[in-house]
Amino acid sequence: MGEMIDAGGTRVRSGGGYGESLFEPEHPREAERIDAAALVFDPFTTRRLRALGVGPGLRCLEVGAGTGTIVRWLLETAGVEEVVALDRDTEALALVDDRRLRVLTADIADERLHPGTFDLMHARFVLMHLPDRRRLVSRLAGWLNPGGLLVLGDAVELPDVLDTSSPYRRTMDAMWQALRSTIGTDISAVPAYPRFLREEGLRNVGAEAFCPPLVPGGPLALFWSETLSRMRPALEATGRVDADVVEQALTYLSSPRLAELGPGMAMAWGQRE
Ligand SMILES: C[S@@+](CC[C@H](N)C(=O)[O-])C[C@H]1O[C@@H](n2cnc3c(N)ncnc32)[C@H](O)[C@@H]1O
C-alpha cells in the first residue's frame, strides 16, 4: 500500500492491486512496457477522439494517464484547454512541461476523490484492472459537464478456441487467470461498456474494437513478451502452465512463425445530455 495526495491535498492510503503485486511502477522496464502498448493503440484512440470532436476549448480528465502519450496528444495535437492527468503513479508525467497540464497523483477508486467536472474523460486499460468498475463508470459519468464525453478503452480478446493446447494459448489463458487472481483484472465486462454508458443516461453511445496483428519484433509482441516474462511465477502458480510451456510461448512470440489475432482494444463512448 502506498500514500497519495488526493484532489483536496489530503494524504490518503492507496489501494493495493495494479502496481504493487505484478507491475511495480519502479520496475526499470515498466514505462517501456506501457509505452509499447500505447504506441500500437494511440492511433486508434486518437482517431476516435478526433472523430468525436475533441479539440480546443475542452477541459479533460485522463484517468490512469500512464506515460502520458494521450495527455501529450490532447495538449499538443488536439489543442485542448486543460488536461488533468490522474494516475496512482505520476512520475513519468513530470516530463510533460505544459502550463495547461495538472498532474493528480490519486487512486481513481478512492470515493473521496472529486477532481471537478469535465468535457472529456478518457480511461484506457485502467478500468479492466479495477474492482467495482461498474461503480467507477457511474462516478466518472457523474463528473461530465453537459455535452461532455466519456470514452473508455479496455482489452478484448478473440482467442483461437479451436486450438486451446498451444503454448501461446495456454500461457495467455494462464495470464488472464493470474491477472484476475492477483490484480483483479477482468476483461469480461468490456463488451458491456456501451450498456453501462446507456444506463448512465448518456446519449450518442457508440463502440468499436481493434485487434492489431501480433507481428514478430513488433511493439505488441514485445509488450506481451515483457508482460509474460515478468509474470512467470504468477503464471506457474495458476497450475495451467509450467516453466517449459511459458518458455515455448515466449520463443513463439519472438519467432517468424508468430501469427495470432492477439488481444486488442474495445472503445465505448457516450455523451452527457
Ligand atoms: C496499463 S496502464 C495504461 C496507461 C495508459 N492509460 C495507456 O493506455 O497507455 C494502467 C495505468 O493505470 C494506472 N492505475 C492503475 N490503477 C489505478 C488506480 N486505482 N488509480 C489511478 N491510476 C491507476 C497505472 O499506474 C498505470 O499508469
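Note that ligands are numbered from 1 as they come in the structure, with each ligand's atoms numbered from 1 the same way.
Legend: ring pair (Phe, Tyr, Trp, His ring centres under 6.0 Å) pairs involving residues 239-273, not counting sequence neighbours, sorted by first then second residue: Tyr168-Tyr252.
The N/O atoms of Leu86, backbone and side chain alike, include none that comes under 3.5 Å of an N/O atom in ligand 1. The distance criterion of under 3.5 Å between nitrogen or oxygen atoms is not met by Thr69 with respect to ligand 1. At under 3.5 Å, not a single nitrogen or oxygen of His129, backbone or side chain, sits near a nitrogen or oxygen of ligand 1. Backbone and side-chain nitrogen or oxygen atoms of Asp89 are examined, and none is located within less than 3.5 angstrom of a nitrogen or oxygen of ligand 1.
Arg99 is linked by a side chain to side chain contact (heavy atoms under 4.5 Å, CB included) to nothing, counting only residues two or more places apart in sequence or in another chain.
With distances taken over non-hydrogen atoms, the option nearest atom 11 (C) of ligand 1 out of Val63, Asp87, Asp35, Thr185 is Asp87. When the options Gly64, Ala36, Gly66 are ranked by their closest heavy atom to atom 6 (N) of ligand 1, first place goes to Gly64.
Across all non-hydrogen atoms, the minimal contact from Gln271 to Asn204 is OE1-ND2, 2.9 Å.
Distance alone, capped at 3.5 Å, places no donor-acceptor pair between the Arg100 side chain and the Val83 backbone. Arg133 contributes a side-chain N or O that, together with a main-chain N or O of Leu130, makes up a donor-acceptor pair within less than 3.5 Å. The backbone N or O of Thr117 lies less than 3.5 Å from a partner atom in the side chain of Arg59, making a donor-acceptor pair.
Counting atoms of ligand 1 from 1 in the listed order, those under 4.0 Å from a heavy atom of Ala106 are 20 (N), 21 (C). Here is the list of ligand 1 atoms found below 4.0 Å of a heavy atom in Asp107: 18 (C), 19 (N), 20 (N).
Contact annotation for Leu130 and ligand 1: only side-chain heavy atoms (C-beta onward) come within less than 4.0 Å of the ligand.
The one candidate from Phe125, Phe210, Phe223 that meets the ring pair (Phe, Tyr, Trp, His ring centres under 6.0 Å) condition with Phe41 is Phe125.
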